[in-house]
Structures are given as C-alpha cells and as structure tokens.
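Every number for a ligand or one of its atoms is a count from 1 in the order of the listing.
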Amino acid sequence: DLDSLAYDPGITLPPRTRVYWRVSVWGDKGDFAQSEANWLETGKGNEKWDGEWISSPDPAIHPVLRKKIELEDDVESARIYATGFGVYELEINGVKAGDEFLAPGCNAYDKWLQVQTYDVTELLSKGENEILAWLGNGWAKGRFGLMMAENNYVDQFSLLFELRVTLKNGKEIVIGSDGSWESAPSPVKDSGIYDGERVDARVKLESWAPVKLLAPECGELSDRLSLPVKIMEEVKPIAIIDTPAGEKVLDMGQNMVGFVSFKPSEPEGAKLSLKYSEVLQEGNFYRDNLRSAIAEFHWISSGKKETARPRFTFFGFRYVLLEGFSDPKLEDFTGHVLYSEMERTGFLETSHKDANRLYQNVIWSQKGNFLDVPTDCPQRDERMGWTGDAQIFCETSAWNMDVYAFFSKYLHDLALEQGKHEGRVPHVVPDVRPRGSGFSGIGGGACGWADAAVVIPWTMYQFYGDKTILKRQYSSMKAWVDWIESEDKRAGNKGLWTTGVHFGDWLSLDSEGTSRFGGTEAAYLASAYYMQSARIVSETAKVLGCAEDAEKYAKLSERVRQALLSEYITPSGRLAIRSQTAHVIAIGMGIAPEHNERLAKDLGRILVRDGMKLTTGFLGTPLLCKVLSDTGAHAYALKLFFKEDLPGWLYEVKQGATTIWERWNSVLPDGSMSDTGMNSLNHYAYGSIADWMYRRLAGISPTAPGWRKARLEPLPCKELTYARASFNSPMGLYKLSWERKADGTITVEGEVPFGASAVLVINGEEQELNPGTFAMDLAPFAQKLDPGSIPLGVLMADPKAGPILLQIAPFLKECPENIIQLGIREFQREAGALAIFGKIDYDAIIGMIAKALE
Ligand code: BGC
C-alpha cells in the first residue's frame, strides 16, 4: 500500500528518459488535492556506449580535449553523458556545461565510476559548435590519501563522452568520444586536491594533436549516485588586512570551503597567487596546520579581463594571502562555497548569541565537509571519508540538511570496500591507497569508526523512514557484525571484542600524557559498539521481516551485554572504568539499563571529581549532554554546554571560531595554535552537540522512524529567554518555540504536520497533540537547582559561586572526592559539626550562592 514517506512503484524505467509524476490525494469526505508535476530523468543505465575512452597523447601535460561539430538545424533537445579521470569540466562554445564542480566525484573508482548527465539544449545551436573537456588530477590521479601517493587509481587523464542531440527537423545525432577528437596542452599547468592549481592564462588552446584511445581503467560504469557539488553560496570578503609582516591578507569573515575568484586587471605575464589558510598567528599569515597540503592558486595573467578561478581543487580557509597584485581591492574578490547540493531542513535559534554562533559553526562545518564525501576536514592533507567522524556526526547532519542521498552513495562505497576484507570496514571510504603496492589500504575494523556500516543506515532510516537504505545495506551491516564476531571467536569467544587497533575515545582530555587515543579502555568501547551494532542489525532484521536474523543478532547482542556486565560492572551497578565516556557509553548504549540510576549518579560524581569539566573525546562527546539530560541531570548538561572557558563548546566561539574545531583546545587562550601536528579548525565531530540543542534547548525529538511521531518538550532554562526550532521532516514541518515573558509566564507555540502525531510534554506531563498549530501561555516553570543540593565540587567549579564558597571554606580545596560530592545541606548534616571545619553559617552561604547563581 501507499505510504507518504516512501513508496516503491515497482517499475523499471528505460534509460535516457524523462519521467513526470505527481501525487493525488482523495480524502474520505471527498476532498481532493494534487501536487505540482515533478520530474526525474534516467541516465544511460547499462546501455552500451557510443564512445570510447580517450586521452592526450602526451601523458606529461594537463590536456584539454576538443571536438567540433556542425549541426544542420536548431536543437530540440540535447544531452551529454560523460565521465572521466581524475576530474573534468565540460565547456560548450565557451560556456561551462552544467553548474557542477569536480565531476565525476570521489568514490571507489576501482569498483565503479559515476556517469553524469548534462542538459545542453541551450548551449548548442545550428552551425559550428565547439566542445571542450578540461581535465585535472582530482582524487583519482593526483596526490591524495594518507600514504601521500599519486595516481592511486589511474595514470592518465581520460574522458568518456556521448552527446545525443535531437534537432528541430527530427534528426537524431550521436557524437561519442573517439579517435577524431583532438588534444592540446591546457592553461592549467598543474592541479591537485591538496596542493591547489597553477594556471598560465597566456596559454592559447592551439597545437591540437589527435587523441589516444585507452583501455578503461575503472570498475563498472554506473548512473551517478552522488549529489552534484555546486557553488551553494557566495561570500564577500570583509577586509584586506595589512599584516605586521607586511603582507596583504584577505579576510573572508568565515572559515569556508571552496575557492576565491577574481578578475585581474594586471598586465600580461603578471604572476598572481592566492595562498589559503584558516587562521592568523600574531596577526600574520599562518598555515602550518595544513601540514603538507600546499593549498595555493597561481595565475599568470593574460592581460585580458577574465575571471580567474581554479577548476580542479578546493580550499578550506578563512584567510587568503594575496601576492603579486598591484592594488587589490575588496570588491575584486568573491568567495564561492562548494558542497554537495543538499536542502536545509533544520533551523534553530535561541536568545543566546554565542549558542547561536556555535550552531552556525556546526552548519558551516557540515557545509565544508559534505563535499561529495563526508570528510574529517577540508583543508590539510587528509580530506578523507573517515568512517568514525561520519558515524559520530550523521544524526546531527540529518537534522540540518537532507542527507539521505548523500549518505546512500557513501554507504554504497563503504559496502564495496568492505567486500574486499571479508566484512571488515576500512577506516576511510573510499579506501584510498597506492595501486599495485600490495598495500591493502590504511587499515580498518576500528570500533566506532567501522560501526559506521550499521549506525549510518539505521540513523537514515530513523530520520527518513525509508526502508530502502536498510535493504540495500543489510548484507553490509551483517557482514560487519559477523566480522567482529569472528574476532571475538579468534580471541576465545568470550563475547567481548578485545583484538584490533582502535582510535577509542579519540582526542579526549583524559588520556595519558599526550596520547590521542583517549583514556577509556579500548576493549570496553569496542565491546559496547559490538553489542550496539548487533542490536541494530537485529532491529533492522525486524523491520525487513527477517525473523531468524532478528533473533540471531538479538541473542548475540545480549551475549555481548552479559560479557560486558561480568567484565566491567559489579552486581550493584558500579562501573570499573571511572571515566565520563565509559559512563555515558554504558547509559547511552544500554549496557546495564537496570543500573542506569546508579550509573547516572556515578557520572555526576565523576563530573564533580573532574571539576565540572568535560573530558570526553570523539566517542563520548556525542552522548554526554544527551545522557545527562535523559537521566534527570539536565542542569549539568546546561552547565557543560554554557561553559565559556576551556574545555567546552562556547570556548571556541569566544575565541572567534566560525566552524567547529578538531580539538577542544585547538587554539589556546592566548590565541596560539596548540599543536601543529593535527589541528584542523573545521572538523565536525564535536558539532554533534547540535543534536542535543534541537532536542533539549528547543525541545523537538523524533520518536518513530521518519518522524511519524515526535515528542515536543520545551525546557525553559535560566540561560535563555527563548528557543525556537523547526524541522522539515519527511512527514512535513514540525515547529516548537518557547519564550519567557517579562512577567515570567512562558509562551509555547508549535506545529505538527498532517498525518503525524506528537506528544507535548510540559513539566513532565504529557498531552496528545493533533496535527496543526498550537499556542499556549503557561505559568512560570524552569529547570531549577536548589543551591543547597548542588554538589560542593560543582559549586567550586562555577565561576560565580566558586570564589564565594572557597573564600568562606578554603579547606574544601583539599577535601577528597567523597566530600565534595555532597551538597551543602548534606555536608552540614554529615560533617558540619566537626570542629576541623570551624563555625560556618550555612544559611548565609546558601543565600549568597543562590544570589550568585541567579
Ligand atoms: C582524522 C580524524 C580521524 C582520525 C582517526 C585523523 O587524522 O582527521 O578525524 O577520525 O584521524 O584516528
């Protein structure tokens, strides 16, 4: 039957065909509605090509390939089907075909290659037409990947092309790439994802020579799965800075990904360059954190007024060092923001300026790192599809934008790469590695990273309600869990995952010394993910109606859970690993739901022990505030979230960040970079906090796949006077806002889409909401903490209450954990009479602290 979330009409469409569709709805009472007509167009499918792979006869140059054609009549319609290596750009009669950049995109080229379709009806006309294909290095051919090798997939530039024209007179013409094409040296002298581009605009396209025919070097050709990478926004620079070192640096005002274009008015032969960076140091241009990535654009002027821009690269930057310009002006430069074409779906705003900026930073880090592949970072010599980062951030990304198609393509590659290793998922997808080296990639099978294979499809199903992604990924999901189980067997079948190399709670603040691997035992984290992934596969099997698998993986998950319990958790619920991350994982993943209360209490104690400072890394952070809010410690989550000094989310905002940083302390309080070894300023992992912001600052959460049901729970807090959010779900638009008026009353407003159902929760009381809008005024309520019950350790860590408390009771500094976990009243009851603490007026202290916390 029909389902408004996902419907498979069960038809196979013919190739190269435009299909129109609309939706009609008849209501029970005779209502009728009809959508606008929409269309989609199929590609070549498995059809045979009327074209061959062609290349330049000179492998040492960047080539431009050309074909001239004569059309005897006007054009009714025209399509180009094309693909190429490394990256290509088509131009017809001097105009770029389509608005896509960096085609054919980045994927496991040895397995499959994506074909793009271009509607070029408007670009061709009666008479002579010139078709050019510009070729550049890109991901497949240039220097790319952790091994820093070149030509990972191919040695030569190449193009496969087919033009199909229908003329007004009814004639059909097919032009394929073949031996009649020509090749000439390109004005592009060099290009690379990491290293930028060199263009000599003086080079004229001449010295044409016949092309060379090539044998294909790729896996199967396929209609594209990836979304096109486009210029999604433009940014005008805000200043040209004269630095202390005497240089001119363009400030875009925003850390962004893409490139800057300009129209040089310099004489012929003038050498201009743009060098890209994320941050200034002591006011000067600085880019050590890009490591070996050169990230420069060089342009030798032709003397003509023309737009200068790179074709085959992108940069992650806020600042651009300008060299060779005689008199650069702000208005000469435009920033172009490149990312995969995705629609914004979620919006959030609060009364807190810095929280809003943080939210915008998350959005910008998503834009910057959703450029065909979900990358760790967009600027240094990595820019790869790290599975862990994608796993951590996928849920947040699905709030912000429609990422279903984006992740469908990534997961397609993930499954293909996994196939090579009996189910083990590589650390990066595509698993870029030097060809023919016998080297099987940079490795894989790390907990929390490889689990992307199950977490991402499951999250997509939760957000979009479409089972297709589960069907497609099912064998990949199972293969991954089976692989872990084989490791478990190898290690003696204890139900734990104790083997392998893990990144663990990567970059957490509780690791030993300068280790990046985090302070929480790897085998614990690995086994927790093992349990969770087996459970997700079991749930997936249920959704797909595979009862046997559902039972098998549920049993496996329970076996792992029991093993975790006996290894790490005492019968009364004490966890052997005393870290924040170990506790949020235990609660968030449901290792011992029967002990959640105890675990939550202990998490609170640990936070107190840690001075109310978070220590979590990549695996703990996404769950930290969520778990606190879910276990009755929402006030603690707020405390961590609104903390303005190190470590915390708002610290980087206070430091002027415009994207999310890789480390909590990427930039130190004095403005200097903390470590040039690994310090990206545009890394989305810690941006996963936006998921909590939607759920807990604004109060919207999905409670059924595809947002058929939702929970709306405004939670007014003292840090905010209002919060509002909306989410354009597959069911339709959800909205919720709350605002505290001057008299303390709270206005709540919202909207539930047609066909969906929601519960509104006010102060713990639930009520059903019907689709449509709602609004109400409520008597004042807020999440309040009684200062008498706040643990002393929490108060000590508070910038306002701490100094007051410590002035009156300086001895607290020397008190052990079991004492500072107590609230003031408890302390008074238990120890207040002890002479060693002297005479203390408890009521007065509580009064002063309540005032300080107001
Ligand atoms: C990346 C990370 C990634 C990590 C794995 C780093 O170099 O930038 O984000 O997940 O390696 O250890």
- request: Tell me the residues surrounding ligand 1, counting only those with a heavy atom closer than 4.0 angstrom, sorted by chain and number.
  value: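 Ligand 1 is contacted, at a heavy-atom distance under 4.0 Å, by Asp376, Arg380, Glu382, Trp386, Asp389, Trp449, Phe503, Trp506, Phe618, Glu662, Met678, His683.
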Between [X] and [Y], a side-chain donor and acceptor under 3.5 Å:
| X | Y | value |
| --- | --- | --- |
| Ser666 | Asn679 | yes |
| Ser688 | Glu395 | no |
| Asp451 | Gln391 | no |

task: Would you please indicate if the ring centroids of Phe406 and Phe370 are separated by under 6.0 Å?
output: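 Yes, the ring centres sit under 6.0 Å apart.
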- prompt: Given the side-chain rings of Trp480 and Trp458, with only the six-membered ring counted for Trp, is the space between their centroids under 6.0 Å?
  reply: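 No, they do not, as the ring centres are separated by 6.0 Å or more.
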query: For Thr520, what residues pass the side chain to side chain donor-acceptor pair (under 3.5 Å) criterion, not counting sequence neighbours?
result: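 Ser579.
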